[in-house]
Structure formats: C-alpha cells, structure tokens
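First comes the structure, then the notes that go with it.
Proteins get letters first, then strands, A, B, ... in listed order; numbering begins at 1 in each.
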Amino acid sequence: MHKHSPPSTKRLLKLKLNGRWREDAVSEQELLVDYLRDVTHLTGTKIGCDGGECGACTVLVDGEAVPSCITLAVRCEGRNVETIEALATQGRLSRLQSAFHEKLGTQCGFCTPGMIMAAEALLRSNPTPTDGEIRTALSGNLCRCTGYVKIIESVKAAAGVTS
Amino acid sequence: MSSSLPNFGVAQPGTIAEAVAACVSHPGSRFMAGGTDLLVNMRRGIVSPDFLINLSGIDELTAIAADAQGMTIGAGVTIASLARNAAAVTQYHALAQAAAAIAGPGHRNMATVGGNLCLDTRCVYYNQSEWWRSANAYCLKSRGDTCHVAPQGQRCHAAYAGDLAPALLVLGAEIAIAGPKGRRRIPLSELYVEDGKAHLTLADGELIVAVHLPPGAPASAYSKIRVRGAIDFPLAGVAVALSASDNAIVSLRVALTGTNSWPFLLAGTDPFVGQLIDDKLLHAIDRLVQKQVQPMRTTLASANYRRVAVAALARRLIANLGGTAAA
C-alpha cells in the first residue's frame, strides 16, 4: 500500500495512563489509539473513521480532549493520558457515565466513549455549561443513532443543570 | 491490529535551530506541528515522508503576546488558545472567528497557527484513500499526470482551504520564517502562489516561526460555508476588515479562501473608499468577488454555488460591519 519504508524503530515511551505511570517500547509511527488498544489493551477507545472525522477515539491528554487516531503516541511522552476506562472507580460509574445510562444518551454505544470523554473535558473546565456550550464541545463527535438530543440531556443531567 | 501508518522516524527538537538542522540532514522529511492534517494524509498514503520533525516541544513557537506594537502569535500556538485569546477576540475579531470555525474542538486543541497557514491544498480527487486514487489513475497533484478537475490544464487546481490566512491577510499580517539561511520576515501574501501542487513559497528546511499583526486593526469579521456545519473545511470563506465613517468606507480589505489554490486579497477595492455602504456598493462588491474567485470542481458542492455563495458572504459581512441592513 505504501512506498518502501525504512525499518520501524522503537523508543521507550513513559506516560501517565489513567493515573498510573507506565513505560512501553512503541514504534515511532504508532498512533495513540493503536497504542491504547493494542499495547495497553484499553479497547474502550474506538476507531470510527480513517482519520479525525468522527471523534469516537477522543481521549484526554493533559485534560484536553483530542482525537487519538491522529496523535502519535510518542508525542505523549511525559504527559497525562486519560481514557474512558479511567472514569469508573471500583466498579461505580462516574457521574457522566450514570447520566448517559439514566437519560438514554447511549444507543449502539460506539460513539459513547468519545462523547463522554469530550463531555468530561468540558465539565472539568466549565461545570455548568449552557446548551450551546455543550453542543460546541461535542461538535467533533458523530452519533448515528440518537439524534444528539439525549446526549445533550445526559451531559446537562451530569452537570446538575437539568431543565 | 498493526499500525495504520507506514514506518518513519521522528525527531523531537527542543529549539528552532535544531528543527532546521534536522530537516537539512534528512532530505524528504516533513515538519509536523499539530499533525491534524499531515497524519490524516499519511494514513491515506497521500504523502509518506520517511522522517517527521515534531515541532511540539519547541517553547519559542508557543509564545503569544499583544501590546502597543501589535500582536505576535507563535506558529505553535494552538487554534483553541488563539480562539479564546483576549486580544484576538477584542481587537482582531476576524482572526478569533476564523480560529473558532476551524474543524472540531479536539482538532483545535492540537492544530496550530503555523500548521493552518501551511495547510495542504484539497481536492475531491486527492483527499481520498489509496485504492480510490489508484482506481482513478491518481492525479496531477500526486503520482499522476492529469488534473481530473481540468484535464486540459497545465496545473493542479486543488483548493487552499485554510481559515486563518484570509483573516490574517485583511489584518495586514507579516510572518517570520526560520531556515538554513537564517531568518526573514515577509508579508503573509508572499507565502502563497496559485498552484495547487506547490502553493507555498517556503524553501527546503524553512518553517514559519511567528505571525505579526500591526496595532489599530479596523473592525473585521470572518465567515465560511461548509458541508458539515459543526466541523469542516470551507467550501469558501471570506474575511473582511472595514473602517467606516458616517456609513462611508474609509478602508476596506476583503480576502478569500477555499475558492482558489491560494488565499488572496480581493484586488480593486480602493475605488470604494468614500462610497456609501448601500445596495449599489454591495452589488459592486458581489460582482468583483465573482469575477476574481475561480472555484473548480474540487469539492462535492458545485463550483457555481461556491462562486455565488462566497460573494453573498462578502456582501453580508460588509453590510454587518458597516451597520447597515442592506445585503
């Protein structure tokens, strides 16, 4: 598929993943989403498109929502990466996860990890967002089931601003 | 699953000098800022550099400051931080609006000012998967010998689709460039030429370091049309900087993106100085825009729609900035 490439080189990547520091040997061309799913086996982060269009792969890097399918893993050296698996503690769903469950913000569920991580970034910086701010924060995330209304209601419920 | 990308090496320079040196010592390498355009193109096999120079660890590139001398924006400043920057929001409104209209929030957290200015040109025959392009015998921009948009033409017609460039053009921006021969500073307009295959005038090993804006910016605004309203490249975009007195034009600059292979300032606006902002003037602007834009069949929307729509956007922005209801 691609032209002749030089042999893959690996480097040691040290990052904080879901609260714990870890080190892995990763190829320099490894995408963050492939590292998360294939090396650390955290498969909650989804791959929905061929590059940055759907938001299903959204994770937090230093608290900011980013698409992990167009981020190189080696760029996360020394940084704090959080995935959907970080939210539930000891089997208890987080406030956002509970709200998506209670308000039916999830149908097929494929976009849900990305939606929740994008919403998590929003609520950390803006605990009481308006509808417009929620829509803007989720504007990079595609859902093909819900029509978004239930998702926005879920985020509002989690923020404690149910109308 | 194996990696979606071909093999390549990555350098992580800490200074601009190291970045330039890395580029010189690795022919065929590419600078990578946010990577939000480059990595997508690499995933599709459109470009496949052997070596990437990651600019995200260079502190000098992330400086942003405004004072009486104007505003300086490091090329590594993210689009998200530019969109919420107080000086941009209050003094350089078109710039803040353009930044906020780029892609989605996740992209804006990674994408940079320099990366957006150097955005690759786009075309429906180019931004496709490897199998799609190979089935179509590739195209003039990449590995082929024919431009499918204009088969009789001599050049690639891929459209430039950066959002920041038109805003910066109407605000009179200059850019600082670093390279193997040292540093230089040029008006932003000199960064571009109208060739979809090679639209940047940067020499090998050169990168944009910062953008400089003069103080005392007139009222300005940016607007674009796109297929997917929440997150998309412009089918066409317009920036306007306008100062008016008693509803008459004192100065007017209009810049366009998405319609040609380069972003450009609308020529011939000087005769409008002194004229009232009324239907007659807006009609003349509409004619001028339609005459100078050259949208081709590079997007899913038709070229004629983009021509008419971009002129309407220019009319509306001028009417709104001039405070008149006529549009």
Any [X] side-chain heavy atom under 4.5 Å of [Y] side chain:
X: R75(A); Y: S56(B); result: yes
X: L72(A); Y: N54(B); result: no
X: E64(A); Y: T78(B); result: no
X: H107(B); Y: I70(A); result: yes
X: Q29(A); Y: L39(B); result: no

Flag yes if more than 12 heavy atoms outside [X] fall under 6.0 Å of its [atom1] atom; otherwise flag no.
X: W131(B); atom1: CH2; value: no
X: L300(B); atom1: CG; value: no
X: H93(B); atom1: NE2; value: no
X: N126(A); atom1: CG; value: yes

Next item on the list: Can you measure from CG (D232(B)) to OG (S139(A)) and round to the nearest 0.5 angstrom?
Entry: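 These two atoms lie 11.5 Å from each other.
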Item checked: Nearest-0.5 Å distance that lies between atom CE in M110(B) and atom OG in S68(A) -> 9.0 Å
Checklist line | Heavy-atom contact with chain A under 4.5 Å, split by part of L52(B) | finding: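 L52(B) touches chain A through side-chain heavy atoms alone.
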Margin query: Taking side chain as everything from C-beta outward and backbone as N, CA, C, O, which of these in C57(A) sits under 4.5 Å from a heavy atom of chain B? Side chain, backbone, both or neither.
Written below: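 C57(A) has no heavy atom closer than 4.5 Å to chain B.
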Item checked: Engaged part of R135(A) at the chain B interface, taking heavy atoms whose separation is under 4.5 Å ->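 For R135(A), there is no contact with chain B at all, as no heavy atom is under 4.5 Å.
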Notebook entry, point to check: So which heavy atom on I231(B) is nearest to which on G52(A), and how close?
Noted result: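 Closest approach of I231(B) to G52(A), heavy atoms only: CD1-O, 4.3 Å.
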Item checked: Under 3.5 Å: donor-acceptor pair, side chain of N109(B), backbone of A65(A) -> yes
Margin query: One pair to check against side chain to side chain contact (heavy atoms under 4.5 Å, CB included): R11(A) and V10(B). What are the steps and the verdict?
Written below: CA-CA 10 Å; R11(A) 70 168 67 182; V10(B) 180; 4.1 Å; yes
Next item on the list: Just give me the residue among G106(B), A103(B), A100(B) that pairs up with chain A most often, heavy atom to heavy atom, under 4.5 Å.
Entry: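 Most pairs with chain A among the choices: G106(B).
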Notebook entry, point to check: Taking every heavy-atom pair that is under 4.5 Å apart, which of S134(B), G104(B), A230(B), G57(B) has the most such pairs with chain A?
Noted result: A230(B)
Checklist line | Steps toward salt bridge (charged side-chain N to carboxylate O under 4.0 Å, His left out) verdict (R44(B), E53(A)) | finding: CA-CA 13 Å; R44(B) 289 180 163 181; E53(A) 294 178 28; 3.5 Å; yes
